[in-house]
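Here's the structure we're looking at; comments come further down.
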Amino acid sequence: MQFYSTNSPDVKVSLKEAVLRGLAADKGLYMPEAIPQLDASFFEDIENKSLQEIGFEVLKPFFCPDIPEDQFKTLVDDALSFDIPAVKVTDDIFSLELFHGPTLAFKDVGARFMARILSYFVQGQDKEINILVATSGDTGSAVANGFYKVAGINVFVLYPKGLVSEVQEKQFTTLGENITSIEVDGTFDDCQRMVKEAFMDQELNDKLVLTSANSINLARLLPQSIYYHHGYAQLRKQGVKDDIVYCVPSGNFGNITAGLVAQVMGLPVKKFIAATNINDIVPKYLETGEYIPAPSKATIANAMDVGDPSNFVRMMDLYDSNHEVVTKKVEGISYTDDQIREGVKRVDESKGYVLDPHGATGFMALENKLKDGEKGIFLETAHPTKFPEVVEPVIGRKLDVPERLQAFMKGEPKNIQLKATLEELKTFLLKEA
Ligand SMILES: *Cc1c(COP(=O)(O)O)cnc(C)c1O
């Protein structure tokens, strides 16, 4: 399969080029030239398939034969090494728990795939690859852990000073080896801008091989389609077959885009709901037809503090930028911090289920929007113990910290500090990378 840039649909590149570049030279985002259709038979007995089987069948048309099938099969098995259960929270609402991976967030899925796909493509190459990644928290930890000790690849994680929780920060600053953490005196948007500018910089690109690990990279984005199919299989196992509404807590809109791709592939989803915090650029767009980016505002669901979601163009590209069509597929809704806290508290008290602040927006959106007869499933994108500062005061007790998280907390953090300018980043990279 070939891939085009959203800015020049006529120019096609190979999988390898799309994955190694991340962002296209014309600043567009790569899209598959066609979305493959899965056979109806695939869905008929999907509840009998394992996560790995689903993953392989869903992704094969995108990634093979550029990666030979047998090697891709091994790669899928290795990347999907943890469980993704769908837990019933109310009669009509299920939680797709995507936090059972190494860093307790859904980004583990995409990051583990991307590391393995890149490592396949850099075999035998003499230059090392430098991954630049901007994070508001979870991306950094998932990418750093996904790429940790992968030969031939260096990772530089840029994160905004003081805006990332301690647990999140420790998950990438304590690793060392091929992982370098850069604390930027600015916001997440500054970090994202610096990364984008670095990719556009001629001198840097002449001297270094740079690529991104943000959800702009297809090797991260497409694998996320898997869990929509898998979530559907889990619902069928529990007797739910029709009128399924998926709700996705959204920031850069990579996750929901992967869901929309799954739907185009044939997954029977009735509707998608994008839940956001007060950074409600896309819900506003869905309502008004106008896309007005804004500086991001800090919230307690900080992995969704995005004022100009990078995957919005992909979402639009899927529907030929037609507002009317998009609004038939996707609804939007946004929540304030107070509403999120109220949701976490209420669901803990009434259902005994502890939501994280991101998942809470997803749960509440379903409560708010589900119609009679519909069943909702929201993506629980992180484990609540990743946000103890928010969750514990709200539920009035301490949470048990899973062992793999405790291990990070004992590590010694190390970082580099930079101002929020391309010049600073460039000087550093030319010296270090
Ligand atoms: C990244 C992240 C999101 C948002 O996902 P996007 O693909 O950027 O929309 C939501 N919740 C958590 C916990 C995240 O880490």
Side-chain angles (χ1 to χ4, degrees), residues 29 95-111 113-114 133-146 157 159 163-165 167-169 171-172 188-189 191-192 212-218 220-225 227-228 246-262 272-277 279-283 296 299-315 330 332 334-335 340 344 355-365 378-388 390-391 405:
L29 273 65
S95 169
L96 188 64
E97 294 186 346
L98 291 162
F99 55 68
H100 295 274
T103 73
L104 297 89
F106 84 87
K107 291 190 176 75
D108 283 326
V109 175
F113 264 98
M114 185 179 164
V133 57
T135 186
S136 54
D138 278 349
T139 304
S141 47
V143 168
N145 284 274
V157 180
Y159 68 103
L163 297 176
V164 170
S165 80
V167 191
Q168 287 177 328
E169 192 174 340
Q171 284 181 302
F172 50 85
F188 169 66
D189 288 346
C191 298
Q192 195 152 302
S212 80
N214 285 73
S215 51
I216 50 181
N217 198 304
L218 274 181
R220 243 192 78 190
L221 185 110
L222 291 174
Q224 294 180 0
S225 300
Y227 42 69
Y228 293 89
Y246 257 108
C247 181
V248 190
S250 294
N252 264 319
F253 283 71
N255 216 2
I256 196 169
T257 299
L260 296 169
V261 167
F272 284 85
I273 300 171
T276 69
N277 56 32
N279 295 283
D280 59 352
I281 313 301
V282 175
S296 67
T299 76
I300 57 171
N302 68 1
M304 314 198 301
D305 293 351
V306 184
D308 187 4
S310 50
N311 284 291
F312 179 72
V313 291
R314 276 198 173 117
M315 200 172 120
V330 188
S334 67
Y335 291 96
I340 292 171
V344 172
L355 294 160
D356 97 290
H358 308 81
T361 66
F363 178 88
M364 289 191 287
F378 68 99
L379 274 47
E380 185 35 298
T381 49
H383 194 288
T385 53
K386 291 195 85 171
F387 306 92
V390 177
V391 176
L405 205 51

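As the structure lists them, so they are numbered: ligands from 1, and atoms in each ligand from 1.
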Looking only at the aromatic ring of each residue, does the gap between the centers of Y228 and Y246 stay below 6.0 angstrom? yes
So which of T103, N252, V282 gets nearest to atom 6 (P) of ligand 1, if we judge by its closest heavy atom? N252
Distance-only donor-acceptor check, side chains Q171 and K386, under 3.5 Å: yes
So, S296 versus N279: side-chain donor-acceptor pair below 3.5 Å or not? no
Is it true that R314 and N311 share a donor-acceptor pair across their side chains at a distance under 3.5 Å? yes
Mind checking whether F387 and H358 have parallel, tilted or perpendicular rings, split at 30° and 60°? tilted
For N277 and D305, does a side-chain donor sit closer than 3.5 Å to a side-chain acceptor? yes
Going by the order shown, which atoms of ligand 1 are within less than 4.0 Å of some heavy atom of P249? 4 (C), 10 (C)
Which of the numbered atoms in ligand 1 are under 4.0 angstrom from any heavy atom belonging to A382? 13 (C)
Take V133 and T139 through the side chain to side chain contact (heavy atoms under 4.5 Å, CB included) test and state the conclusion after the steps. CA-CA 8 Å; V133 57; T139 304; 3.5 Å; yes
Atoms in ligand 1 with a heavy atom of G254 nearer than 4.0 Å: 6 (P), 7 (O), 9 (O)
of all protein heavy atoms, closest to atom 13 (C) of ligand 1 is D138 OD2, 3.1 Å
For atom 5 (O) of ligand 1, what is the nearest protein heavy atom, given as residue, atom name and distance? F106 CZ, 3.5 Å
the protein heavy atom lying closest to atom 12 (C) of ligand 1 turns out to be T381 OG1, 3.3 Å
Test of proximity, N255 against ligand 1: N or O pairs below 3.5 Å: yes
Between the side chain of N145 and the main-chain N/O of S141, is any donor-acceptor distance below 3.5 Å? yes
Sub-4.0 Å atoms of ligand 1 with respect to non-hydrogen atoms of K107: 1 (C), 2 (C), 3 (C), 14 (C), 15 (O)
Ligand-side contact atoms (ligand 1) for residue partner M304, heavy atom cut-off under 4.0 Å: 10 (C)
Flag G251 as yes when one of its N or O atoms lies below 3.5 Å from any N or O atom of ligand 1, and as no otherwise. yes
